[in-house]
Amino acid sequence: MAAAFAVTGRVAAATDADIVVIGAGAAGLAAARALREAGRKPIVLEARDRIGGRAFTDASLGPSYDAGAMFIHWAERNPWVQIARELDIKTAAESWGGGFRLFAEGKPMADEDRRRRREAFRQIDRRLETIDLGQRDMSIAELLGDLGPDSAPIAASGLLLSIGEESSRISARDYQRLWSGDDLIVPTGYGNLVARSGAGLDIRLNEPVSAIRWDGPLVTITARSGEIRARGCILTVPVGVLKSGSIRFTPELPAATRDALAGIHMGALTKIAFRVEGDRFGIAPGTSFLEAAAPERLMNFDMFPEGKDLVIGYCGGDYARKLSEAGTEEARTHVVDLLAQMVGGDFRKAIKAVSFPAWWTDPFARGSYSVCDPGHDGARAALAQPIGGRIVIAGEATAGGGAMTVGGATLAGREAAAALARLKA
Ligand SMILES: Cc1cc2nc3c(=O)[nH]c(=O)nc-3n(C[C@H](O)[C@H](O)[C@H](O)COP(=O)(O)OP(=O)(O)OC[C@H]3O[C@@H](n4cnc5c(N)ncnc54)[C@H](O)[C@@H]3O)c2cc1C
């Protein structure tokens, strides 16, 4: 992949630069493109040996799949529809050709339970329509509180697979603000598309930034192979990385930025993918299997998506955190057991390889995407406020209604580039 980009080698000691963009995910790439179009010369520092960040098409199993972002959400206004067109890359409507099957401990779920689930799922939207959040924010758990102990956990469980977080930790106001619309997929990989958009930029890979000094007239950024002094900096590392302390700020970040960070955290949506060869056990390609016996441990499986020799499981919240912390082998054993219960014991023999992109334990992500804590729905806007006239934080976390998405990160990256230009003007 590296050959496709102007990955122009090492950071020299104490280089001077115009603007440094930290992170080559959707936000960083968009910021760098916007700066270049405005006649600037941004340098992008990326910790990993690849670009795209949490948009990553994993080909390690042979057939590829999107290990992070997969859907171009709210396609009507998502900039990636246009970018894909410009790059001559196809997008398509998602087709759930094979249908949807619900299981409880590996057995098909009873009709009555299915009906109860459907009814419970509708409750979040109903309550968001009727409860006035103008007076005060609350968690989704509180929003659902009087549904009762049988239905509330079921209603909330869908959030584990969409937001990747437990309902008690999600701000209802922030959730209500999220944009919705049609979803598209990129048959050749959303991650690949995002990576393609970095062509021609000055991107330095394997350059984790460990320190940012911003008390002088320039910003001094310490990366693996040296320091760069820049006139401005766009910082697009995930909120989880900012909160981890792995980047040292001198002086420390302003109180307003620290307060914003204290009110936002990372969810933990996680995928686990298997290459499955031979028998398909009578399962139509594109079927979804959902193991839903315990609402707090939902696991969804895309079975042979687009006819590929793949089964992709995903889960969220504390369940995903535990699996990520347990590591690939333990996660594999647990998830294969679930699949064998649903499909039959012979399924184990068909599994040839596993890939576990555990974003929660990934040091350059530390989670799937940002979630506002109840009572902190202003955190995204506060985080986007420029720091010291020369640093702007941008990414999916600062994207308002577009938060949590690649499209939102891209719009936020563009806005950060414009904000920095205004500051520097
Ligand atoms: C499992 C999963 C499923 C998802 N599904 C969807 C979906 O279907 N649709 C959708 O739109 N979104 C989805 N998302 C969310 C989407 O991937 C993100 O919102 C988006 O990619 C974030 O872009 P970003 O530029 O803000 O951050 P990132 O993509 O995380 O980019 C930040 C970059 O900073 C780098 N970095 C980190 N630390 C350092 C450091 N110290 N120094 C230098 N560089 C550093 C990282 O390596 C990374 O490349 C999903 C995410 C996950 C994890």
Side-chain angles (χ1 to χ4, degrees), residues 11 20-32 44-58 65-75 78-80 94 161-164 178-179 183-186 190-191 193-195 197-198 203-212 221-224 233-242 244-248 266-273 312-316 320 324 356-360 362-371 393-399 402-413 416:
V11 178
V20 167
V21 176
I22 303 176
L29 296 173
V44 185
L45 300 179
E46 167 55 50
R48 302 179 197 269
D49 62 359
R50 61 167 183 82
I51 68 171
R54 284 170 277 162
F56 171 49
T57 306
D58 178 5
Y65 74 101
D66 277 312
M70 170 179 172
F71 297 106
I72 301 182
H73 290 307
W74 31 271
N78 194 311
W80 287 95
E94 170 65 68
L161 301 183
S162 56
I163 307 295
L178 297 177
W179 297 339
D183 289 344
L184 295 177
I185 57 161
V186 185
Y190 201 175
L193 168 59
V194 173
S197 76
I203 302 170
R204 321 276 168 100
L205 300 178
N206 301 307
E207 290 291 351
V209 168
S210 55
I212 299 176
I221 296 147
T222 308
R224 185 180 56 91
C233 171
I234 297 180
L235 178 57
T236 73
V237 304
V239 151
V241 173
L242 283 177
S244 76
S246 63
I247 301 178
R248 195 178 64 252
M266 295 294 274
L269 190 74
T270 290
K271 299 189 189 180
I272 181 163
I312 303 164
Y314 61 99
C315 63
S324 304
F356 185 28
W359 299 99
W360 177 248
D362 179 326
F364 303 125
R366 296 195 182 267
S368 49
Y369 33 83
S370 61
V371 179
I393 293 177
E396 55 83 12
T398 66
M404 310 181 181
T405 68
V406 176
T410 302
L411 296 173

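Note that ligands are numbered from 1 as they come in the structure, with each ligand's atoms numbered from 1 the same way. What you are looking at is a predicted structure, and each value in this text was computed from that prediction instead of being measured. Because only heavy atoms are used, hydrogens play no part in the values below, and waters and symmetry mates are left out as well, while side chains stay in.
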* With no hydrogens and no angle check, is any side-chain donor or acceptor of R224 less than 3.5 Å from a backbone partner on N206? -> yes

* Structure fact -> In this structure, OG1 of T405 is separated from CH2 of W179 (nearest 0.5 Å) by 7.5 Å

* Asked: Taking any residue with a non-hydrogen atom under 4.0 angstrom from an atom of ligand 1, which ones do you get?
  -> I22, G23, A24, G25, A26, A27, L45, E46, A47, R48, G52, G53, R54, A55, A67, G68, A69, M70, F71, H73, E207, P208, V209, T236, V237, P238, V241, I247, L269, W359, F364, S368, Y369, G395, E396, M404, T405, V406, A409

* Do L235 and L242 come close enough that some side-chain heavy atom pair is under 4.5 Å? -> yes

* Asked: What distance separates D362 CG from S368 OG, expressed to the nearest 0.5 Å?
  -> 11.5 Å

* Structure fact -> Taken in chain and number order and not counting sequence neighbours, the residues that satisfy salt bridge (Lys or Arg N to Asp or Glu O under 4.0 Å) with E46 are none

* Asked: To the nearest 0.5 Å, what is the distance between CZ (F71) and CD1 (I185)?
  -> 7.5 Å

